[in-house]
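Whatever order the structure lists ligands and atoms in, that order sets their numbers, starting from 1. Both backbone and side-chain heavy atoms feed into the values below; hydrogens, waters and symmetry mates do not.
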Amino acid sequence: MKYDAILFDFDGTLTESGLGITRSVAYAFSRMGVPVPGQEILERFVGPPLIAAFQMYAGLDEEGARQATEHYRVRYRETGWKENRVYAGVAPMLRALKEAGCYLAIASGKPEVFVRQIAEHFGIARYFDKIVGITFETTHADKCALIARAMPEGMEPARAAMVGDRLFDMEAAKKMGLRAVGALYGYGTREELEQAGADEIAETVADLRRILLPGVAPERGLFLTFEGADGCGKSTQMKLLAEYLDARGYETVVSREPGGCEISERIRDLVLDIRYRGMSPECEALLYAASRVEHVRQVILPGVAAGKIVLCDRFLDSSFAYQARGRELGDDFIRQINAPARLAVPDRTLLFAGDPQVILQRLRAGENLDRLEVESDDFFSRVNRAYADIHAADPERVHVIDSNRSIEEIFSDVCADVNALLG
Ligand code: ADP
Ligand code: TYD
C-alpha cells in the first residue's frame, strides 16, 4: 500500500458540489442586498471558509459575512445539498481502497451534518472510517485541526495523504507532515495547487486512482440488462437508474439492442422498419444476432473491462423470447446463431413483468409503432411465457420486478436490487 491512511476533502474532491453552493451563495448575496457577481466569482466560494469568502468577495464585515452565511445555509439546507453529485469513478475507487485495507476519512471545512447527510444520500458514507467537518458555530475552519481529528490514532503522518482541490488542503497537509495530492478536476487551478506545495497532481479521477493505488488495474464493472414485453416500462427505469448511478460516482454506459453502436444502429433501422413486415423470421433473428455481436465487441466488453456499469435495454433474452418463442424458431437455433455474442453474460437481468393487457394498452397508446409492436396478442402471450421460463431457468441472474405499479415504486425496487449487487 502506498498510503496507510487517506484523508479527502469533500467539495470539489469527492463531490461536484458547485451548483448547489454557487446557487446558495447567489441567494445569500441577494438577501444581503449585494449585487450577485458572475459565475467565476461565485465558484471561488467552493472550498474556502464561507465567512472569509463573503468578506473578500461581497465586501461585507465579519458580522455581515456571518449573516450572509446564515442565508446561504437556509437555501443550502433545503435544496442546495442535493444539487450535487459524486465524481464519476470515485465510488469504485473508494471501494478498491477500502478493500486494500486503507483507512479512509473525510476532512471537510463544511458543517459535518451536511457532509454526513450528502455522503449518506449519495451512498459513499460506508467507505469512510471517519467523517470530520466543522460545527455551525465555527467561524474559521482550521484545516490542520480537521486533519488532526480525521487521522487515525498513532498513525505516522508520512504514511498518510491528504487529497484536496484547493490551496488550503495542500498547505494544511504539508504543515501536518502528510503527502499532499491535488485534485485538479475540482475547483482549484494547477498554479494554486503547485504553489501550495502539492506533491502530486491528479488531472482526473482515473489519475487519482493511479496515484493512490499504483499498479492496481480497475476491477471489472457490471453488465446489467433490462428485459420485458414492449411497453413494460424498462426504458423509463433504466434511464432513472443511470441518473441515480451517475450521481453516486459510478461511470455508466447506457445502451440498447438492437443498436448501441454505429453498425448495430443501422441494423436496428432495418430490422424494425415497418415496411419490411414480410421479413422471414430467420432473417430477423440473424439480424438481431449480427447487431448483438458487434455491440458486445464494441461497447459491452470494453465498458465492463474499464470498470464501468453497462446498462442495456434488451439483450440475448429478447431473442429467446421474441424469435425462439414468439416466432417459434426454437431455442437451439437462437443459441447457435448467438454463440459469438455469448462472451458477455449479464451480472443481473431485471425482468419487468405485469398484467399483459395493461402493458399492451400502454404500448398501443403510443404512436409510430414498429414492426414487432404491431404483432398479435398470441405472439405477445408466447413472449411473456418465454420470459417466465427464462426467469425459472436462471433465478439468480434474472430478477422479476412487478411493473404494475407507479414509476416511483418500481424504481425503489430497482435501486434496492442494484445496490445489493454493488455491495
Ligand atoms: P419499454 O421500454 O419497456 O417499452 P417505456 O419505459 O418506454 O417501456 O414505457 C412505455 C410507456 O409507458 C411510456 O409512455 C412510459 O412513460 C409509460 N410508463 C412507464 N412506466 C410506467 C408505469 N409504471 N406506469 C404507467 N406508465 C408507465
Ligand atoms: P424498441 O423500440 O427498443 O422497443 P422496446 O422499447 O419495447 O424495447 O424495439 C425493440 C424491439 O425489438 C422490441 O419489439 C423487441 C424486439 N427485439 C427482438 O425481437 N429480438 C431481440 O433480440 C431484441 C434485442 C429486440
Side-chain angles (χ1 to χ4, degrees), residues 225-243 254-261 264-265 267-274 276-277 279-296 299-300 311-329 331 333-335 337-338 340-342 344 346 349-376 379-380 382-384 386-387 390 400-414:
T225 62
F226 291 67
E227 293 280 355
D230 301 67
C232 65
K234 65 188 160 36
S235 312
T236 306
Q237 295 297 327
M238 197 176 93
K239 202 164 147 265
L240 290 173
L241 181 64
E243 285 165 12
V254 170
S255 204
R256 65 174 181 182
E257 288 209 348
C261 58
S264 309
E265 284 293 328
I267 299 175
R268 178 186 176 94
D269 291 342
L270 190 65
V271 78
L272 295 180
D273 194 329
I274 194 100
Y276 306 132
R277 275 192 87 170
M279 182 186 292
S280 70
E282 288 82 0
C283 175
E284 177 186 288
L286 287 161
L287 286 175
Y288 280 119
S291 150
R292 179 164 303 124
V293 67
E294 204 57 22
H295 184 220
V296 164
V299 178
I300 299 173
L311 308 175
C312 191
D313 193 342
R314 299 196 176 280
F315 190 60
L316 182 56
D317 294 321
S318 284
S319 281
F320 282 109
Y322 285 76
Q323 280 68 48
R325 306 292 183 84
R327 299 282 188 229
E328 301 181 299
L329 287 172
D331 289 359
F333 179 66
I334 297 307
R335 207 168 283 125
I337 63 173
N338 280 284
R342 297 181 80 193
T349 296
L350 297 179
L351 171 56
F352 294 82
D355 180 348
Q357 285 313 316
V358 174
I359 290 174
L360 272 181
Q361 269 166 17
R362 228 188 250 169
L363 175 71
R364 290 180 178 149
E367 288 165 8
N368 304 324
L369 297 183
D370 66 39
R371 213 170 52 79
L372 277 96
E373 288 170 345
V374 296
E375 276 299 330
S376 65
F379 176 86
F380 282 109
R382 288 198 295 276
V383 167
N384 282 320
Y387 272 129
I390 288 169
V400 176
I401 307 264
D402 172 8
S403 62
N404 273 348
R405 292 173 298 161
S406 72
I407 291 176
E408 295 71 30
E409 283 171 310
I410 301 172
F411 186 55
S412 121
D413 277 7
V414 168

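Close approach of ligand 2 to E257 (heavy-atom distance below 4.0 Å) involves ligand atoms 24 (C). Counting the atoms of ligand 1 from 1 in the order shown, those under 4.0 Å from a heavy atom of T236 are 5 (P), 6 (O), 9 (O), 15 (C), 19 (C). The S319 neighbourhood of ligand 2 comprises atoms 21 (C), 22 (O), with distances under 4.0 Å to a heavy atom of that residue. Atoms of ligand 1 found under 4.0 Å from any heavy atom of I410, numbered from 1 in the order shown, are 23 (N). In summary, the atoms of ligand 2 found under 4.0 Å from a heavy atom of D230, numbered by their order in the structure, are 4 (O), 7 (O), 13 (C), 14 (O). Those atoms of ligand 2 that come under 4.0 Å of a heavy atom in K234, given as number and element, are 5 (P), 6 (O), 7 (O), 8 (O).
Which of R268, Q323, R314 comes nearest to atom 1 (P) of ligand 2 through a heavy atom is settled by distance: it is R268. Nearest-heavy-atom check against atom 2 (O) of ligand 1 across C232, S235, S403, G231 picks out S235. Looking at G354, G233, G228, S406, it is G233 that brings a heavy atom closest to atom 8 (O) of ligand 1.
Contact annotation: for R292 versus ligand 2, heavy atoms closer than 4.0 Å belong to the side chain alone. By the criterion of a heavy-atom distance under 4.0 Å, neither the backbone nor the side chain of L316 is placed next to ligand 2.
For V299, the side-chain contact (heavy atoms from CB on, under 4.5 Å) criterion is met by V253, S255, C261, H295, not counting sequence neighbours.
For ligand 1, none of its N or O atoms has an N or O atom of D230 under 3.5 Å away. No N or O atom of E284 sits closer than 3.5 Å to an N or O atom of ligand 2.
Formation of a donor-acceptor pair under 3.5 Å by the E227 side chain with backbone atoms of F315 is found in this model. Between the side chain of T225 and the backbone N or O of R314, no donor-acceptor pair lies under 3.5 Å.
Classified by interplanar angle (parallel below 30°, tilted 30° to 60°, perpendicular above 60°), the ring pair F226/F352 is parallel.
Contact analysis leaves E409 out of contact with ligand 1, as no non-hydrogen atom separation drops below 4.0 angstrom.
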